[in-house]
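Letters A, B, ... are given to chains in the order of the sequence lines, protein chains preceding strands, and every chain is numbered from 1.
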2 protein chains.
Amino acid sequence: MRIVQKYGGTSVGSIEKIKNIADHIIKMKNEHNEIVVVVSAMGKMTDELIRKAKQITNNPNRRELDMLLSTGEQQTIALLTIALNHKGQPAISLTGSQAGIVTTGTHTKSKIKNINKERIEAHLKEGKIVIVAGFQGINENGDITTLGRGGSDTSAVALAAALNATCEIYTDVDGIYSVDPREYKEAKKLEEISYEEMMEMSNLGAGVMEVRAVELGKKYNIPIYVGKSLCQNNGTYIVEREQVMEQKLITGLSINENALMVNLLNLENEPKKIAYIFSVLGANDVNVDMISQSMSNGNKIDISFTCPLTEEDLLDKAIVLIKEHHPNIQISKKSDIIKVSVVGVGMISHSGVAAKIFDIFAENNISFYQITTSEISISFTIDKENKSKAVENIAKAFNL
Amino acid sequence: MRIVQKYGGTSVGSIEKIKNIADHIIKMKNEHNEIVVVVSAMGKMTDELIRKAKQITNNPNRRELDMLLSTGEQQTIALLTIALNHKGQPAISLTGSQAGIVTTGTHTKSKIKNINKERIEAHLKEGKIVIVAGFQGINENGDITTLGRGGSDTSAVALAAALNATCEIYTDVDGIYSVDPREYKEAKKLEEISYEEMMEMSNLGAGVMEVRAVELGKKYNIPIYVGKSLCQNNGTYIVEREQVMEQKLITGLSINENALMVNLLNLENEPKKIAYIFSVLGANDVNVDMISQSMSNGNKIDISFTCPLTEEDLLDKAIVLIKEHHPNIQISKKSDIIKVSVVGVGMISHSGVAAKIFDIFAENNISFYQITTSEISISFTIDKENKSKAVENIAKAFNL
């Protein structure tokens, strides 16, 4: 069998851990597998490198930031390969460039365009374990690029697709849970989840897997295993919707605390004016989410939207620009809110999920500010103080 | 003017220092120069990376060690370029590979084969300062290589040769001294020194410049300036012998404390046996230096040689092998010695240097064990305890 395994920063966070991972990989290799390993930078190294760049400027040149950050993964591949070789296991490390990972798009958030797999195939044929630096690639100018945070997951799934391999993501959690176990202790671990549900969960802040990686898995139909490294307990398989054995109405609940609600009050209902507002937000890199609109009095409307709390500085810049053009707009911000979402492919065929949640909120005296729905998810913004009450009651009601 | 500047690890040892270096480089650029900068890893980073690899094994795979160590310089080029860009100066960082530095030979001690300078030339034409990672290149397999300790000097001189530029090496000393100022406080800084003398000084342990870099400078006739970074004092120019204005009899004195003397006593004078001994030493990577031979009694001879004290373990292995074949050989080691050398192109035309040194040793009651001479140098092994007496008296006698 051909397997692409990915180990995250915590799994390779020390020399001792790297040695243990090496033993685990050799065991897998000895079971007659062809192994390609994708690794992240050790522990908090990426953060430390960013901190160094920020000591120079808050806005470092992005090409140079990629040059800097890519050294983290490069160190891990070298150290892991040294450990494998020392244990008598033939292995070779490859940077993203050497592994043929060609990217496109802007620095610090490039996308994989294609993978020239010849060199990896040649090393696998030699019987070597191939250790690839995650998170990085090379663009058409021959410059080192990175794929953005969580990009190593994407590297692993893309390699699995190119090499026709299965994909195993080893992380510091032992699988995907219906609810973050830190928020709800009785949360159940899922044996399986569909790509679509996982993508919604990723988007909605579950934080276990990078959404682009899941998207890529869906596109090429690569089953992705997510589990804890060196742990015998079974993790979770991310598979096609049709392959999920036990179809549940609701698969998971995710909580996003990085949310800021913005209210625009008493707007005239002029599409041009509204389009202008959102184009200014976009031009200032504010990621707008959960837009809701309601009639106010007369011909006036109210619009609310959420954006990441971490983008408040970008938002404030945009607001200044908007007010220059439309000085009469009333804009207010509310930051003591969270976004709660329930996700499940079962919703497609079963109605009544929204109604059930309204019931739960009413019974428990939880008011919500916005509600948005997609084919397989429903999201609400509620007050932060109601978090555990909402999470526990929804989880119990849907047996999460 | 086109200048290649090299900054060593101490000069770029902190973010603060990198910012200061950036200011200095911009000043040079604003004087209508084209600038290529070669940098080392920050401070002790290379040592730290080696320490990490050694936590796994004392004998790490050399290809992987290159993969690991090359990240040090890569971080410096990114951070320095971020600093330059932040100050409004167009600049771009290039790894050894991107800079077209093609190497040959074994990993961890590769040699530069050629430099494909097209990319650097293109960036210079754009008005950018080009920041190149020293110490590294790429071999014909597309693998990252390193040039061995001090390799950044070699990178800088090779780039200067390829780009038809002058070369400035910035280090933590303010020039080349006739004697190490830590050993002799009144040592004089040299305005100029010839390539040949500098090569002898490097070989003999002066430690300021990598000998391969000086050799390359001589080969392509690249004047090399050695000075302290951000220091207004003049440093030293390394130039062709004919260009040295003030020809001195003796230019410098170097001290090598990394010396171990080995004595082979009462050997039969059989060339085959002697050749065998030195071939075993060579096969065990013992760098033999200063071989001297003298008649003992009858047909017997005594042979002494020195080797680096740091290679004592390799020497001991070789001695075991030699004794297996020739159990009667008497071998003794003496480690409380140092090697003192005087260097000067003036010696070629002036005789009497050796005689003068014999006089100094006699007057000061310093006994020596070996003496070897080259066209421009004379070396002695003496007892370590006589170091300062020998250094001071020789320095005074030759006005160093």
Side-chain angles (χ1 to χ4, degrees), chain A residues 14-16 18-19 22 41-42 45 48-95 97-100 119 122 131 133 138 141-144, chain B residues 14-16 18-19 22 41-42 45 48-95 97-100 119 122 131 133 138 141-144:
Chain A
S14 69
I15 297 292
E16 219 40 58
I18 286 176
K19 287 182 189 172
M42 290 173 73
M45 180 160 174
E48 278 165 33
L49 290 173
I50 290 174
R51 196 181 48 76
K52 277 188 186 167
K54 292 268 164 102
Q55 279 177 261
I56 300 171
T57 164
N58 273 320
N59 193 20
N61 179 295
R62 283 165 180 259
R63 177 192 180 275
E64 301 303 332
L65 201 57
D66 278 356
M67 178 69 91
L68 182 68
L69 298 187
S70 62
T71 61
E73 283 72 20
Q74 190 174 326
Q75 292 185 3
T76 318
I77 57 171
L79 290 166
L80 178 56
T81 308
I82 286 170
L84 288 165
N85 284 330
H86 174 60
K87 291 170 193 288
Q89 171 61 53
I92 190 162
S93 69
L94 299 177
T95 61
S97 160
Q98 291 171 337
R119 186 162 183 184
I131 313 295
I138 189 166
N141 299 328
D143 285 337
I144 298 170
Chain B
S14 69
I15 297 294
E16 219 41 57
I18 287 175
K19 288 182 190 172
M42 290 173 72
M45 180 162 175
E48 279 165 31
L49 290 173
I50 290 174
R51 196 181 49 75
K52 278 187 185 167
K54 292 269 164 101
Q55 279 177 262
I56 301 171
T57 165
N58 274 320
N59 193 20
N61 179 295
R62 283 166 178 258
R63 178 192 180 275
E64 301 304 331
L65 201 57
D66 278 356
M67 179 69 92
L68 183 67
L69 298 187
S70 62
T71 62
E73 283 72 20
Q74 191 175 325
Q75 292 185 3
T76 319
I77 57 171
L79 291 167
L80 178 56
T81 308
I82 286 169
L84 287 165
N85 283 329
H86 174 59
K87 291 170 194 288
Q89 171 61 53
I92 189 162
S93 70
L94 299 177
T95 62
S97 160
Q98 291 171 337
R119 185 161 184 185
I131 313 295
I138 189 165
N141 299 328
D143 286 337
I144 298 170

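- Looking at B/Q75 and A/Q75, their side chains come closer than 4.5 Å, going by heavy atoms from C-beta outward.
- When A/N85, A/N61, A/I15 are compared by the number of non-hydrogen pairs under 4.5 Å with chain B, A/I15 comes out ahead.
- With sequence neighbours excluded, the residues that form a salt bridge (Lys or Arg N to Asp or Glu O under 4.0 Å) with A/R119 are B/D143.
- Taking all atoms of both residues into account, the shortest heavy-atom contact from B/I56 to A/A83 is CG2-CA, 3.5 Å.
- Annotation: side chain of B/M67 is in contact with side chain of A/T95 (closest heavy-atom distance under 4.5 Å).
- Side chain to side chain, B/R63 and A/T81 fail the donor-acceptor criterion of an N or O pair below 3.5 Å.
- No other option in B/G142, B/P60, B/A53, B/S93 has as many heavy-atom pairs under 4.5 Å with chain A as B/S93.
- Between B/Q74 and A/T71, the side chains place no donor N or O within less than 3.5 Å of an acceptor N or O (distance only, hydrogens not considered).
- Looking at B/K19, the atoms closer than 4.5 Å to chain A (heavy atoms on both sides) all sit in the side chain, from C-beta outward.
- When heavy atoms are compared at a cutoff of 4.5 Å, B/N58 does not approach chain A at all.
- B/I144 places a side-chain heavy atom less than 4.5 Å from the side chain of A/Q98.
- Contacts between B/I92 and chain A at a heavy-atom distance below 4.5 Å involve backbone atoms as well as side-chain atoms.
- Annotation: salt bridge (charged side-chain N to carboxylate O under 4.0 Å, His left out) contacts involving residues 73-86 of chain B, sequence neighbours excluded, are absent.
- Within the 4.5 angstrom heavy-atom criterion, atoms from both the backbone and the side chain of B/I77 approach chain A.
- With a threshold of 4.5 angstrom between heavy atoms, B/L79 approaches chain A through its backbone and through its side chain.
- Using a 4.5 Å cut-off between heavy atoms, A/L94 touches chain B through backbone and side chain atoms alike.
- Counting heavy-atom pairs closer than 4.5 Å to chain A, the top residue among B/I18, B/L49, B/T57, B/D66 is B/T57.
- At a 4.5 Å heavy-atom cutoff, the contact between A/I82 and chain B is made by backbone and side-chain atoms alike.
- B/S97 does not touch chain A: none of its heavy atoms, backbone or side chain, sits under 4.5 Å away.
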